[in-house]
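Fair warning: this is a prediction, and the values are worked out from it, not measured in the lab. Remember, it's 1-based here, ligands and their atoms both numbered in the order they're listed.
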Amino acid sequence: MDYKKLAELLFPDNKLSVEEIEKKYPKRNLPEGAYVTRFAPSPTGFMHLGGFFQALIDYNIAKRSGGVFYLRIEDTDQKREVAGASAIILGTLTSYGFLPDEYELKGGVTIGNYGPYYQSERKEIYKAYAKKLVAEGKAFPCFCRKTEGLSDVKESREKKFETGINEDKNVCRHLTIEQIEKNLKEGKKFAIRLKSAGNGVDKIKFNDCAKGEVEMVANSVDAILLKNDLMPTYHFAHAVDDTLMGTNVVVRGEEWLPSYPLHKEIFEALGFKQPKYIHSPLIYKLNEKGNKNKISKRKHPEADMRHFDVEGYDKQAVVEYLMNLINSNFENWRKANPTADIMEFPFNGFKITANTPIFDTIKLNDVSKEIISRYPAEKCYQELLAWARENSLENVDYLVKDKEYVTKVLNIDREKPKPRKDIYKWSMFFDVFDYMFGKPKSFEIDQTEEEKFKEVLREYKKYLNLSNKDVWFEKIKEMADKLGYATNNADYKQNPEKYKGNVAKVCEYVRIAITGRKNSPDLYEIMTLLGEKEVLERMSQFA
Ligand code: GLU
């Protein structure tokens, strides 16, 4: 067959030659050892936690090596396109501090010389490479369509052909140039398939940077490269784009691992060198029964990165928690270097966890508590306000008007060597501190202790003194003694039968009257902030 003629028949009016294209994508001028990575999501309308996890690996690998991290939008499947999706992805990356070096905003700016960064704008490029493969006899047109009957291929297999995952060779590889011409004259649409040389038996080995050496059967599928709307499949676009755009490390979900043999054959057909691959594990979550489930938007709110914004999680906490899932030594490093910049962590993108990452909300909360506990009150206030502006408008006015009071509340037990660790997300602020913004509605007092509770409150009204913390506590002790409570724990432990309880019990009663709770941050700070009048009012309810 005259393949050159075939290529002209199929693509008579393609505008760009491969040579012209390659001139526009020169080798990147980067230092030795610099990595170029990309985040390449489909614009499905939200940023998936798993995607963000990969982007974090991409960013760290590129930035730590003096390379480039860019964003490419894989929007060749127009049915799945959601308007504004790329803005959401870019917005999420940016809000976490991972602004790509190169990206394009639809209808807005393009930063970088290796674009277009939307695959739908690269159609002519894919066509040029498909034409080249046809001209070299390495690809062929396929006219099979679900509706048009498939001669010796069963209907049931058509679905597989359409997705490009089929074990058999495609019938259209045997069409003569006359048959092809006839089909074209009849206006039949065609897809372009790879003419696979695989026999379904030979094996290949490759070294995945995350999984180590993997052995697989070489590709034998005449996979689709261009669909019949002449948009590329993921496989073809991966080879063309990652080569032209200079990607030398591809981080992608492990669901792509089975496609590796196909990618190898496509790269070889095109004469391209393959990048390094990191097939990153998907993130799972345990259900109530302890079974693992892939994190999915349908079942898990945290699959969508917006969840963390809505809940008001600290962004650094989300990042640090995920870093821990990527490199399990992160946690120990953080313990040893509590205030170090995360970029000082000896990250190893090529040694990512071999275990299945399990998303553990409790662990995330702990990381977040730890980080928030180190923030000064003013920073907490700013974070809280920023969260409210996006997610809790009804509280914004109040937060702005009463900045001083709110900051003081945030400062209770903060900015100390052992700061309190009770807040892990800003949406919990008004619940944790409800008693600072109104009288408590319920009280954690055991019925059996109600009489003793009331007795303490009646008496305490006479002893209330907020002038300073020492005096305040001396007075409590005085009252405790008068009512028959031990003023120190040692005495109480020696002769518990002599006392009604110890001074800690007295404090607990006062705390319950003031806050409704048995546990709270520093009681003296709370009482001073509420002020004497309010404190007396709260105690008077019971005495
Ligand atoms: N668009 C593909 C996906 O979202 C990208 C995979 C890759 O990073 O190569 O899964």
TODO: Name the closest protein heavy atom to atom 10 (O) of ligand 1, giving the residue it belongs to and the distance to 0.1 Å.
DONE: Trp256 NE1, 3.1 Å
Task: For atom 5 (C) of ligand 1, closest protein heavy-atom neighbour - done: Ala40 O, 3.1 Å
TODO: Check Phe39 against ligand 1 and report side chain, backbone, both or neither, counting heavy atoms closer than 4.0 Å.
DONE: neither
TODO: Using the six-membered ring wherever Trp is involved, compare the ring planes of Phe347 and Phe345 and label them parallel, tilted or perpendicular (cut-offs 30° and 60°).
DONE: perpendicular
TODO: Using distance alone, determine whether Arg252 and ligand 1 share an N or O pair under 3.5 Å.
DONE: no
Task: 4.0 Å heavy-atom contact, Asp242 with ligand 1 - done: no
Open item on the list: Nearest 0.5 Å, please: how far is CZ in Arg72 from CZ in Arg38?
Closed with: 5.0 Å
- [ ] Name the closest protein heavy atom to atom 8 (O) of ligand 1, giving the residue it belongs to and the distance to 0.1 Å.
- [x] Arg38 NH1, 2.8 Å
- [ ] Kindly indicate whether the side chain of Glu311, heavy atoms from C-beta on, has any atom under 4.5 Å from the side chain of Tyr424.
- [x] no
TODO: Quick one: look up the protein heavy atom nearest atom 9 (O) of ligand 1 and list residue, atom name and how far away it is.
DONE: Tyr234 OH, 2.4 Å
TODO: Would you indicate whether the side-chain heavy atoms of Glu254 and Asp208 approach each other to under 4.5 Å?
DONE: no
Open item on the list: What verdict does the side-chain hydrogen bond (donor to acceptor under 3.5 Å, both in side chains) test give for Tyr375 and Gln382, after you've listed the backbone C-alpha separation in whole Å, the side-chain angles of each residue and the deciding distance to 0.1 Å?
Closed with: CA-CA 11 Å; Tyr375 288 159; Gln382 295 303 345; over 6 Å; no
TODO: Begin with the C-alpha distance, continue with both residues' side-chain angles, and end with the deciding distance and a verdict on ring-ring contact (aromatic ring centres under 6.0 Å, His included) for Tyr35 and Phe350.
DONE: CA-CA 12 Å; Tyr35 291 116; Phe350 299 105; 5.2 Å; yes
